[in-house]
Amino acid sequence: MKNIEINIEKVFDFIPEEKIYALKGAIQEHIKTLYEKTGKGNEFLGWLNLPSSIDKSEIESIKATAERIKERADILVVIGIGGSYLGARAVLEALSNPFDHLRKNSSYPKIVFAGQNISEDYLFELIKFLEDKEYAINVISKSGTTTEPALAFRFLKEHLEQKAGKEEARTRIVAITDKQKGALKQMSDEEGYETYVIPDDVGGRYSVLTPVGLLPIAIAGFDIEKLIEGAMIMQTLTSYKIEFEENPATIYAAARNALYNSGKTTEILVNYIPYLQYISEWWKQLYGESEGKENKGIFPVSVNFTTDLHSMGQYIQEGLRNNFETVISVNKVKHELRIPEEKNDLDGLNYLAGKRVDEVNKMAELGTMMAHIEGGVPNIKIEVPELNEFYLGQLIYFFEKACAISGYTLGVNPFDQPGVEAYKKNMFKLLKKPGY
Ligand code: PA5
């Protein structure tokens, strides 16, 4: 069986190999610190052993809840923001048929999202859409007081209660929140909602392998056990017992820190299949919130190729030379489609006749990498054998582990996010929230 692999050969054209491997000693110390739980933010290291420590009974309970929701609802509204939303969305978008939502009949509830913006029109149109639908709500918030999800839940709870009746609504609302404290916990206890716990020692952006990600993914009909199995393999492959050179997480952390130290302050996560767009969104939160502090940190951005080669491609090729790319390359696609021959060949594509579409995509990937390296953009490649639950589990855990090591290498606490409070304080003051 193959696993996800990292290849940093195309960084060596820009930074000598020795410079990257010079970080080995420091990084080995950081990984030790992580496992000994003696570093910054050590109260948030629950995710480290999450794949292997997930309770079997919790998985069974999640699967049973998923079945119950499936019986009662055609639509599931997942309410949450940031770490309480992006992981689930990333996995769902990566695994779903993009045209499924246009199909009338589906054996699993379709997922829609709310609570990740404050758009009045979005909420209005969602409520209108739900008017004649059988729907359920999965509200996810560790604090229970985050403005965006609390606002959406206030509207949708009332709507569902009016539509289905209070008793029925109670059976269709599942809350995922803190074990003891917080408004959502109190409300769930009072209303009698089924609840799942976000562990105290797991921060939002590291929570996809808790019920936060697992429940919506299970409700959509995907195999959460395979996801966990993949993450578990990566837990072993990136353990402190693995040699630095063999550990994909230490190699990634070393390469990106060496690039950062050489002035490459922006990392562009690249994909060549649209299914990965939300993996990039999740990754941006993970790395941006973990490292962007104390006036330092790589700025994480993302592009979807070949789409964005027709827009951002220009900048990447010839703009400011402070970028490097990390390309997620998926080896095997699910379906086969060969390019047909056409009599007149007006579009000039007959030279491709008989080839797979994916072969064209792979050549676009290779050609782009060569051009960007030529243009001064170092490339890291992450090879994913196939896009399925198992490899997504590997990819998620790989990025989480590498992020923690990378954050420690940068010298910051990768598990806090003090900066996200600044806008809230101003907003609350402007809205005249009591106490502000
Ligand atoms: O990573 C984080 O901590 C944040 O993105 C939070 O997950 C996000 O702000 C949502 O917070 P909460 O779950 O308390 O509603």
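Whatever order the structure lists ligands and atoms in, that order sets their numbers, starting from 1.
- Among residues at least two apart or in separate chains, side chain to side chain donor-acceptor pair (under 3.5 Å) pairs with a member in residues 378-391 are E325-N379.
- Every atom of ligand 1 with a heavy atom of G82 under 4.0 Å away is listed here by number and element: 5 (O).
- Scanning both residues, I198 and S141, for their nearest heavy atoms gives CD1-C, 4.1 Å.
- In terms of polar-atom proximity, K142 is counted as a contact of ligand 1, with an N or O under 3.5 Å from an N or O of the ligand.
- Atom 2 (C) of ligand 1 has its closest protein heavy atom at E289 OE1, 3.5 Å.
- Using a 4.0 Å heavy-atom cutoff, Q285 is listed among the residues neighbouring ligand 1.
- Using the six-membered ring where Trp is involved, H30 and Y408 have ring planes that are tilted, between 30° and 60° apart.
- Residue G204 approaches ligand 1 through these ligand atoms, each under 4.0 Å from one of its heavy atoms: 1 (O), 3 (O), 7 (O).
- If you number the atoms of ligand 1 from 1 as listed, the ones under 4.0 Å from a heavy atom of Q417 come out as 3 (O).
- Within the cation-pi definition used here (under 6.0 Å to the ring centroid, within 45° of the axis), K401 does not qualify as a partner of F398.
- Remark: F299 CZ is loosely packed, at most 12 non-hydrogen atoms of other residues, nucleotides or ligands lying under 6.0 Å away.
- Residue I140 places no N or O, backbone or side chain, under 3.5 Å from any N or O of ligand 1.
- Remark: minimum distance from atom 11 (O) of ligand 1 to any protein heavy atom is reached at T146 OG1, 3.5 Å.
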In residues 417-436, what donor-acceptor pairs under 3.5 Å come from side-chain atoms, sequence neighbours left out?
residue	atom	partner	partner atom	Å
Q417	OE1	R205	NH1	2.5
Y423	OH	E148	OE2	3.1

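- For atom 9 (O) of ligand 1, the nearest non-hydrogen atom from the set V420, I81, V212 comes from I81.
- Regarding atom 6 (C) of ligand 1, its nearest protein heavy-atom neighbour is G83 N, 3.9 Å.
- For the pair I251/F244, a side-chain contact is recorded, criterion being any heavy-atom separation below 4.5 Å from C-beta on.
- Using bins of under 30°, 30° to 60° and over 60° for the plane-to-plane angle, the ring pair Y252/Y287 lands in the perpendicular bin.
- In terms of protein heavy-atom proximity, atom 14 (O) of ligand 1 is closest to S143 OG, 2.7 Å.
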